[in-house]
Amino acid sequence: MANVMSFGGVPRGRRELARWLRDLADTIESDQAETEPSAALVVLTGDARHEVLWTGHEHQPGFLRGALCAAYAVATPTYDTVGSNVRPRTHGYSGGSREAKVVEISKRENSGSS
């Protein structure tokens with residue numbers, strides 16, 4: 001009988017990514033996520049390109065833009081921010097206009113400076 005679960009031809013990085021996505025799905029299904037997710041934005045990144053996928057909130061104008069702004073806010077600062085990788089949905093997008101509330105940030109303390 002053939003082993004149908006053989007991962008011999010699948011690169012290790014892809015197996016780890018698939019496992020991470022399964023763990024994420026289990027976390028969502030068991031209602032253990034910090035947020036109460038009803039939508040997702042995923043960027044699959046390869047050597048030659050990025051593939052942007054999303055589901056949920058298609059009826060909400062600006063959902064994708066808001067999710068991208070949250071991802072950018074998490075990925076780009078050079079200082080610690082309040083909330084780490086969790087961002088409040090305090091930004092409203094409608095017809096291209098943007099309204100935002102002030103979100104407090106805190107700078108990382110320099111451990112070597114006096």
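In this text the structure is predicted, and so the values were computed from the model without any measurement.
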Are Val43 and Tyr72 connected, step by step, through hydrophobic side chains (Ile, Leu, Val, Met, Phe, Trp, Tyr) whose heavy atoms are closer than 4.5 Å?
no

Check whether more than 12 heavy atoms from other residues, nucleotides or ligands sit under 6.0 Å from atom CG of Asp31, and answer yes or no.
no

Rounded to the nearest 0.5 Å, what separation is found between the OG1 atom of Thr27 and the CD atom of Glu34?
12.0 Å

Would you say Glu16 has more than 12 foreign heavy atoms packed within less than 6.0 Å of its CD?
yes

What pair of heavy atoms forms the shortest contact from Val10 to Arg15, and how long is it?
O-NH1, 2.7 Å

Drop me the distance from Leu21's CG to Asp26's CG, to the nearest 0.5 angstrom.
11.0 Å

Could you measure the distance from the CD1 atom of Ile28 to the CD atom of Glu36? Nearest 0.5 Å is fine.
12.5 Å

Looking at Ala67 and Leu41, what are the two nearest heavy atoms and their distance?
CB-CD2, 3.8 Å

dist Leu44:CG -> Arg14:CZ (nearest 0.5 Å) comes out at 10.5 Å

If every non-hydrogen atom of Gly56 is compared with every non-hydrogen atom of Phe63, which pair is closest and at what distance?
O-CE2, 3.5 Å

Grouping I, L, V, M, F, W and Y whenever their side-chain heavy atoms are under 4.5 Å apart, do Leu17 and Val42 come out in a common cluster?
yes

